[in-house]
*Asks:* 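Mind having a look at this structure? Questions to follow.
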Amino acid sequence: MKAIVQPTSHLQGEINALSSKNYTTRYLLIGALANGTSTIYYPAHSEDSDAMRRCVRDLGAIIEEDDEKIVITGFGKNPKHVNELNVGNAGAVLRFLMSTAAFCPDVTFVNTYPESLGKRPHDDLIDTLQQMGVEVQHNNGRLPITIKGGQPRGGKLTVSGNVSSQFLSSLLFMTPLLEEDSEIEVLHDLKSKIIVGQTLEVLAQAGIVVHASEDLMHYRIPGGQSYQAKEYVIQGDYPGSAAILAAAAVTNSDVRVLRLEENSKQGEKACVDVLRAMGVNLTHDNGVVHVRGNQRLVAGEFDGDHFTDAVLAMVAAAVFAEGTSRFYNVENLRYKECDRITDYLNELRKAGADVEERQSEIIVHGKPEGVEGGVEINAHFDHRVIMALTVVGLRSKQGLTIRDAHHVAKSYPQYFDHLRSIGAQVELVSES
Ligand SMILES: O=C(O)C1=C[C@@H](OP(=O)(O)O)[C@@H](O)[C@H](O)C1
Ligand SMILES: C=C(OP(=O)(O)O)C(=O)O
């Protein structure tokens, strides 16, 4: 599918934020790891959340659902002995389930997205699983990956955190089920540290005890625990909504996004502060972010690691700001669905933006007068590239055509419908 994005100067209306992908994957996992029946209200429906749903079902969870909720009966620490799991293009789902798979004798995670997830590295988690006595066969740290588990051991473990926090989260979900106590030391740095707070939050809700050091670099996890079956309510999703808010910020707009809790633990809620710092007129009260955009933004400097999945949308806003913006501490964007620094900046340049890259930085020389556009954009299999380039297309002179825009469904299948509902001129056509 191609998205043809036309210049649009005015956006107006109200959007109910999509449900959080990252909470949905977590609650599905802890529902599956519980013995008993949990209920998850307002789950996300996207390719990634569907991947988690499919895989935990393959592993033996029983799932019933209606429009409002998922009712899931878990398998505890005794998953069904499947031979194969297909996580689609979902990094978090793969990494979280690699540890769960250690309770199975022989599971292969297949490689269905060789150009995207197939290129991402998982060595850091493989190393830790090996410390636990789990045999792992892999393709140079990449998919396909076969986990030959059975009786993983706890004890003293280390995991590197400088590529992804998902490896640590994965271990935090699984180690409470081991017989022995575990101690995890995070080596090097811990990127996307904030999202580990979401992991600890849902673990506590399920009655799991984890002793975490204040800096989130050391953990003591008593063994022999079990997940309680509970009721969970999924909040609105900041990473996806960040793109809607950026679209409102770069146009003349009066847009309200609902279901965005002020006290959320999602790091990407910082996008509200980032836009505010860029001079965007907005308020955030009672779960509603209200943007009254006037097309005028000013540049700023931001630590992007605090809002990793919203960086691309914020960079798209910065493309139209007065002055030079800098998004630093973002090297791990290179290890996502595509290289979100080199690949993304190449597409932005095609659209007419003036951007520079460093190993761990994105620098944007803003163009308040707008960019030229009039070109075709390669999506690089990346939903966040698609969403961010759409924002740029709205403020371009000649619009943008985004190829393979269907990959937006990885996290936000209703993105274009939502944008169109507030007046964005976007046409979706099938690609021959
Ligand atoms: O734990 C999670 O659910 C996620 C962690 C982040 O990844 P990294 O830790 O690799 O930055 C984030 O980008 C991803 O969308 C979801
Ligand atoms: C990086 C992302 O997801 P994942 O790592 O789970 O593939 C994302 O949603 O932007």
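For ligands, and for the atoms within them, numbers begin at 1 and follow the listed sequence. Please read all numbers here as calculations on a predicted model, not as lab measurements.
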*Asks:* Count the heavy atoms belonging to other residues, nucleotides or ligands that lie under 6.0 Å from CZ of Arg220, then report whether that count exceeds 12.
*Replies:* no
*Asks:* About how many Å separate CD of Gln131 and OG of Ser182, when rounded to the nearest 0.5 Å?
*Replies:* 11.0 Å
*Asks:* Are any of the N/O atoms on Ser169, whether in the backbone or the side chain, positioned under 3.5 angstrom from an N/O atom of ligand 1?
*Replies:* no
*Asks:* Is there a heavy atom of Tyr335 sitting under 4.0 angstrom from any atom of ligand 1?
*Replies:* no
*Asks:* With respect to Arg95, determine whether any N or O atom, backbone or side chain, lies less than 3.5 Å from an N or O atom of ligand 1.
*Replies:* no
*Asks:* Can you find an N or O of Arg120 that's nearer than 3.5 Å to an N or O of ligand 1?
*Replies:* no
*Asks:* Starting from atom 1 (O) of ligand 1, what is the nearest protein heavy atom, named by residue and atom, and what distance separates them?
*Replies:* Arg26 NH2, 2.7 Å
*Asks:* At less than 4.0 angstrom from any non-hydrogen atom of Lys336, what atoms of ligand 2 do you find?
*Replies:* 1 (C)
*Asks:* Rounded to the nearest 0.5 Å, what separation is found between the CD atom of Gln198 and the OG atom of Ser192?
*Replies:* 10.5 Å
*Asks:* Run the numbers for me: atoms of ligand 1, each under 4.0 Å from some heavy atom of Lys21, listed by number.
*Replies:* 15 (O)
*Asks:* What protein heavy atom sits nearest atom 1 (C) of ligand 2, and how far off is it?
*Replies:* Glu337 OE1, 3.1 Å
*Asks:* For ligand 2, is any non-hydrogen atom under 4.0 Å from Glu47's backbone (N, CA, C, O), its side chain (CB onward), both, or neither?
*Replies:* neither
*Asks:* Please state which part of Gln198 comes within less than 4.0 Å of ligand 1, counting heavy atoms only: side chain, backbone, both or neither.
*Replies:* neither
*Asks:* Please answer whether the main-chain N or O of Thr158 pairs with a side-chain N or O of Thr128 as donor and acceptor at a distance below 3.5 Å.
*Replies:* yes
*Asks:* If you define the side chain from C-beta out and look only at heavy atoms, does anything of Ser160 sit under 4.5 Å from His188?
*Replies:* yes
*Asks:* Could you list the atoms of ligand 2 found under 4.0 angstrom from a heavy atom of Lys410?
*Replies:* 3 (O), 4 (P), 7 (O)
*Asks:* Identify the closest protein heavy atom to atom 6 (C) of ligand 1: which residue and atom is it, and at what distance?
*Replies:* Gln166 NE2, 3.7 Å
*Asks:* Considering only NZ, NE, NH1 and NH2 on the basic side and carboxylate oxygens on the acidic side, decide whether Glu261 and Lys269 come within less than 4.0 Å.
*Replies:* no
*Asks:* Is any side-chain heavy atom of Glu357 closer than 4.5 Å to one of Ile363?
*Replies:* no
*Asks:* Side chain, backbone, both or neither: which applies to Phe307 and ligand 1 if a contact is any heavy-atom pair less than 4.0 Å apart?
*Replies:* neither
*Asks:* Ring centroids only, cut at 6.0 angstrom: are Phe302 and Tyr328 within range, meaning strictly under it?
*Replies:* no
*Asks:* How long is the span from the OG1 atom in Thr100 to the CG atom in Leu29, to the nearest 0.5 Å?
*Replies:* 5.0 Å
*Asks:* Taking only Lys NZ, Arg NE, NH1 and NH2, and the carboxylate oxygens of Asp or Glu, determine whether Asp48 and Lys410 approach each other closer than 4.0 Å.
*Replies:* yes
*Asks:* What about Thr308: any of its N or O atoms under 3.5 Å from an N or O on ligand 1?
*Replies:* no
*Asks:* Which atoms of ligand 2 have any heavy atom of His383 under 4.0 Å away?
*Replies:* 8 (C), 9 (O), 10 (O)
*Asks:* Do any nitrogen or oxygen atoms of Thr25 lie less than 3.5 angstrom from nitrogen or oxygen atoms of ligand 1?
*Replies:* no
*Asks:* Taking non-hydrogen atoms only, is Met387 closer than 4.0 angstrom to ligand 2 via side chain, backbone, both or neither?
*Replies:* neither
*Asks:* Would you indicate whether Lys367, at its atom NZ, is surrounded by more than 12 heavy atoms from other residues, nucleotides or ligands within a distance under 6.0 Å?
*Replies:* yes
*Asks:* Could you identify the single nearest non-hydrogen protein atom to atom 5 (O) of ligand 2 and state the distance to 0.1 Å?
*Replies:* Arg120 NH2, 2.8 Å
*Asks:* Polar contacts were defined as any N/O atom of the residue lying under 3.5 Å from an N/O atom of the ligand; does this apply to Gly91 and ligand 2?
*Replies:* yes
*Asks:* How far is atom 3 (O) of ligand 2 from its nearest protein heavy atom, and which residue and atom name does that atom have?
*Replies:* Lys21 NZ, 3.1 Å
*Asks:* Ring centroids only, cut at 6.0 angstrom: are Tyr344 and His380 within range, meaning strictly under it?
*Replies:* no
*Asks:* Give a yes or no on whether a salt bridge exists between Glu65 and Arg53, defined as a side-chain N under 4.0 angstrom from a carboxylate O.
*Replies:* yes
*Asks:* To which of Asp309, Asn332, Leu333 does the heavy atom nearest atom 12 (C) of ligand 1 belong?
*Replies:* Asp309
*Asks:* I need the nearest protein heavy-atom contact for atom 6 (O) of ligand 2: residue, atom name and distance, please.
*Replies:* Ala92 N, 2.8 Å
*Asks:* What protein heavy atom sits nearest atom 10 (O) of ligand 1, and how far away is it?
*Replies:* Ser164 OG, 2.6 Å
*Asks:* Does the pair Arg403/Glu431 count as a salt bridge with the N-to-O cut at 4.0 Å?
*Replies:* yes
*Asks:* Give the atoms of ligand 2, by number and element, whose distance to some non-hydrogen atom of Arg340 is under 4.0 Å.
*Replies:* 1 (C), 8 (C), 10 (O)
*Asks:* Salt-bridge test for Asp181 and Lys156: reply yes if a basic N is under 4.0 Å from a carboxylate O, no otherwise.
*Replies:* no
*Asks:* What atoms of ligand 1 come closer than 4.0 angstrom to any heavy atom of Asn22?
*Replies:* 3 (O), 16 (C)
*Asks:* Starting from atom 10 (O) of ligand 2, what is the nearest protein heavy atom, named by residue and atom, and what distance separates them?
*Replies:* Arg384 NE, 2.6 Å
*Asks:* Check this for me, if you would: do Arg120 and Glu337 make a salt bridge, where the nitrogen-to-carboxylate-oxygen distance has to be below 4.0 angstrom?
*Replies:* yes
*Asks:* Considering only protein heavy atoms, which is closest to atom 2 (C) of ligand 1, and at what distance to one decimal place?
*Replies:* Ile195 CD1, 3.3 Å
*Asks:* What I want to know is whether Lys191 and ligand 1 share at least one N or O pair that is separated by under 3.5 angstrom.
*Replies:* no
